[in-house]
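All remarks here apply to the structure that follows.
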Number of protein chains: 2
Amino acid sequence: MKRPTLIDVGREAGVSAITVSRALREPEKVSKALRDRISKAIDKLGYVPNPAAASLASNRSSIIAVLVPSFSNNVFSDVLSGTNAVLEKTGYSIQIANTGYNPIAEEGMIRKFVSLSPAGVIIAGVDQTAASRKMLKDVDCPVVQIMDITDDPVDVIVGFSNFDAAATSVEHMVAQGYRRIAFVGTRMDPRTQQRMAGYEAVMRKHQLYDASLFITTPQKSSVEIGRHLLAGLLDKVPDCDGVFCNNDDVAVGIALECQRRNLAVPEAFGICGFNDLGTTSQMNPAITSVYTPRVEIGERAAQYIIDRNAGHPKPEVRNIDLGFTLKVRASTLRTGTG
Amino acid sequence: MKRPTLIDVGREAGVSAITVSRALREPEKVSKALRDRISKAIDKLGYVPNPAAASLASNRSSIIAVLVPSFSNNVFSDVLSGTNAVLEKTGYSIQIANTGYNPIAEEGMIRKFVSLSPAGVIIAGVDQTAASRKMLKDVDCPVVQIMDITDDPVDVIVGFSNFDAAATSVEHMVAQGYRRIAFVGTRMDPRTQQRMAGYEAVMRKHQLYDASLFITTPQKSSVEIGRHLLAGLLDKVPDCDGVFCNNDDVAVGIALECQRRNLAVPEAFGICGFNDLGTTSQMNPAITSVYTPRVEIGERAAQYIIDRNAGHPKPEVRNIDLGFTLKVRASTLRTGTG
DNA sequence: TTGACAAATGATTGCGCAATCATTTAGCAA
DNA sequence: TTGCTAAATGATTGCGCAATCATTTGTCAA
């Protein structure tokens, strides 16, 4: 009562094992009559292919490796949803790893994944170690970096400019008359740092730069940490009149703390979030945020892998910028200014 | 320049391939001297085991299959974080699938996973189809159901009673003097329905049951949907004086809509959430919610699989109830009552 | 009818490893 | 020393499949 093999199916259908194998992988090369008999035999025996044997024989697997820095960050669960939506109708399966924002840990995970001969790799960011980058260059499958943009991807990159997204947001706040705009940053991963750089560039351009306006913490972002950071900010910079946050939950926490302190938003204090995760738009007042195309990034990354493995050539444009959208809402809209 | 095999390592170290294999899997059976030589050879050649070959030869893989109904639901990302934290130090890898709350789709995913000879299966809930259940019974590895509790798990179950959690919450609200308590349910998956049943039992017990107090939608829960549902609820049941929500984001949306309508919480209207995802505790006023041990569930499930595969016997207690904690906060605390 | 060629099908082999069984070496009591 | 046992190491085999090459069958023009 052991699991049937291709040979068993072949015997049942009266054909050789390799014909069954072909019927499954290249059905157009097998006659209709045999395909039908084989299909019946498969159903009768309950045959299911053995992926390990297939992988060993062909030296490639149907596993797509996805490396993200966090599972709990909604940004990456959205990416994963997009990737999964595209892949679930295919024969690929998703193997995930959580790098924990640690490039050294990431390197080990890449090494492990590469040993699987994956069908594709999706990895967040561009800040891999040199060794990681080399492994990704050498692995014989499509590699998609995501959530960022660069002219020099390992293979291709699908994302947006964190720098530009931050700069656009801060420009908007400046246009609305905010002057003492703080940067609130959590975790301080590479993409947060790029947002910080975008913030800094705009502040300097308008001669509003002030080093004391940076409020950062290595802790992960959360509503709670947002509340605490606002308290610290107002102690440190009493004349602060707005914040650009590196993530929405921090912005929500800050907005809630403003409510508690009766700090008038947007009149006395402007708030801008990042990622537009859904809660910001529902707050009182609604909070301005930068929408980032996370689900679409996941989808496009998966689709690229499917296409390349189906024989499509490597595209000319290897950095696919899906952009972002500043969702201007009440929290930064001061009537009579701008 | 192809990838080295056990034979290559053996040649380099001056031993046979099988000794290298043993040194990696059962080091205590290989002398220290050889272990050192082998270890050096592995480093020198950059040997990495081929999991497909290992799986084919041994008829078991080191893949742990995790089936969850949603990636974007924070509940399951927390579970995954816990599972990952336990597994990442081990040789296991995690392969995930999103069942989309669809038992038929789930069945196909189980079939696929079973074909991998997984080292373990973690699956949300107890509402698998008969065919799914049979496959899970037959698969030769530990199977952990999670997020629920039952006397009759496939193998073991790690979770809590959704019914009891809801009942405890509603009892609290009744004790605080709320009478026209609505149930707000989104998605209406099996666990939500158990919460609804817990709500109903308590309402009936206190003779407060009223069919018009059920507000449900098949849509996924979100802050936005919570706001809309409150509007519908107040239209339908103007004398409603509180809600028990099946998820925190709905509760947050309802609280924000109450702010907008100047509906006094907790005096005129009580709000209780579910899962205690973090934002509820930061709201103004803070929202009561049921903390559920999601991360711990993920950890325990992973640890069980590790232990069983290490030879531990099946435990006597096969339903591991990790309980829940009602976090009573301002949104349901009426002074002078209860 | 024949021959040439394409389409369809089959036989053989090896992927890299672990299970199994066989052999050698080490340790030690008598 | 001998003889015995346990520990350490090795040789052989097959897991289930796909790559490669070989063979058969079908098709059609001349």
Side-chain angles (χ1 to χ4, degrees), chain A residues 1-39 41-42 45-63 91 112 114-119 140 309, chain B residues 1-39 41-42 45-63 91 112 114-119 140 309:
Chain A
M1 195 60 176
K2 61 186 274 296
R3 181 171 158 177
T5 69
L6 284 180
I7 295 178
D8 300 321
V9 175
R11 188 181 308 123
E12 176 73 25
V15 300
S16 71
I18 187 63
T19 300
V20 179
S21 173
R22 255 197 296 260
L24 291 169
R25 291 175 300 125
E26 309 164 290
E28 73 285 358
K29 293 198 180 168
V30 174
S31 66
K32 176 87 171 57
L34 282 198
R35 280 207 308 268
D36 289 348
R37 265 157 61 198
I38 289 169
S39 163
I42 286 174
L45 299 180
Y47 170 78
V48 181
N50 181 327
S55 173
L56 181 61
S58 68
N59 194 31
R60 78 185 97 87
S61 75
S62 58
I63 290 172
K112 189 168 157 189
V114 164
S115 76
L116 298 173
S117 307
D140 182 29
N309 286 337
Chain B
M1 193 61 176
K2 61 187 270 300
R3 181 172 161 175
T5 69
L6 284 180
I7 295 178
D8 300 320
V9 175
R11 187 181 308 122
E12 176 73 26
V15 300
S16 70
I18 186 63
T19 301
V20 179
S21 173
R22 255 196 296 258
L24 290 168
R25 291 175 301 125
E26 309 163 290
E28 73 285 357
K29 293 197 177 168
V30 174
S31 67
K32 177 87 171 56
L34 283 198
R35 280 207 308 269
D36 290 347
R37 266 158 59 197
I38 288 168
S39 162
I42 286 173
L45 298 181
Y47 171 78
V48 181
N50 181 327
S55 173
L56 182 61
S58 68
N59 194 31
R60 77 185 98 87
S61 76
S62 59
I63 290 172
K112 188 168 159 189
V114 164
S115 76
L116 296 174
S117 306
D140 184 28
N309 286 337

| note | By nearest-nucleotide position on DNA chain D, the 5'-leaning member of A/Ala52 and B/Glu28 is B/Glu28
| message | Applying a 4.0 Å non-hydrogen cut-off, can you work out what B/Asn50 is touching in the nucleic acid: base, sugar-phosphate, or nothing? | response |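 Sugar-phosphate only.
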| Touch class at under 4.0 angstrom, heavy-atom based, for A/Arg35 against every strand present |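 The answer is nothing, as A/Arg35 stays clear of every strand by at least 4.0 Å.
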Keeping the roles fixed (side chain from [X], backbone from [Y]), state whether a donor-acceptor pair exists under 3.5 Å.
| X | Y | value |
| --- | --- | --- |
| B/Ser61 | B/Ser117 | yes |
| A/Asp8 | A/Leu45 | no |
| A/Ser58 | A/Ala54 | yes |
| A/Arg37 | A/Glu12 | no |
| A/Arg35 | A/Lys29 | no |
| B/Arg22 | B/Val30 | no |

| note | Assert: residue with more 5' nearest nucleotide on DNA chain C, out of B/Arg22 and B/Ala57, is B/Ala57
| remark: Nt span of DNA chain D in reach of chain A heavy atoms at under 4.0 Å, 5' end first, is D/dG16 to D/dA19
| query | Atom CD of A/Glu26 and atom P of C/dA7: how far apart are they, to the nearest Å? | reply | 14 Å
| message | Using a strict heavy-atom distance below 4.0 Å, which residues from residues 4-20 of chain A are in contact with DNA chain D? | response | A/Thr5, A/Leu6, A/Ile18
| task | From the options B/Ile38, B/Ile42, B/Thr19, select the one residue that forms a side-chain contact (heavy atoms from CB on, under 4.5 Å) with B/Leu24. | result | B/Ile42
| Results of side-chain hydrogen bond (donor to acceptor under 3.5 Å, both in side chains) for B/Arg60 - residues two or more places apart only |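 If we apply the side-chain hydrogen bond (donor to acceptor under 3.5 Å, both in side chains) test to B/Arg60, skipping adjacent residues, there are no hits.
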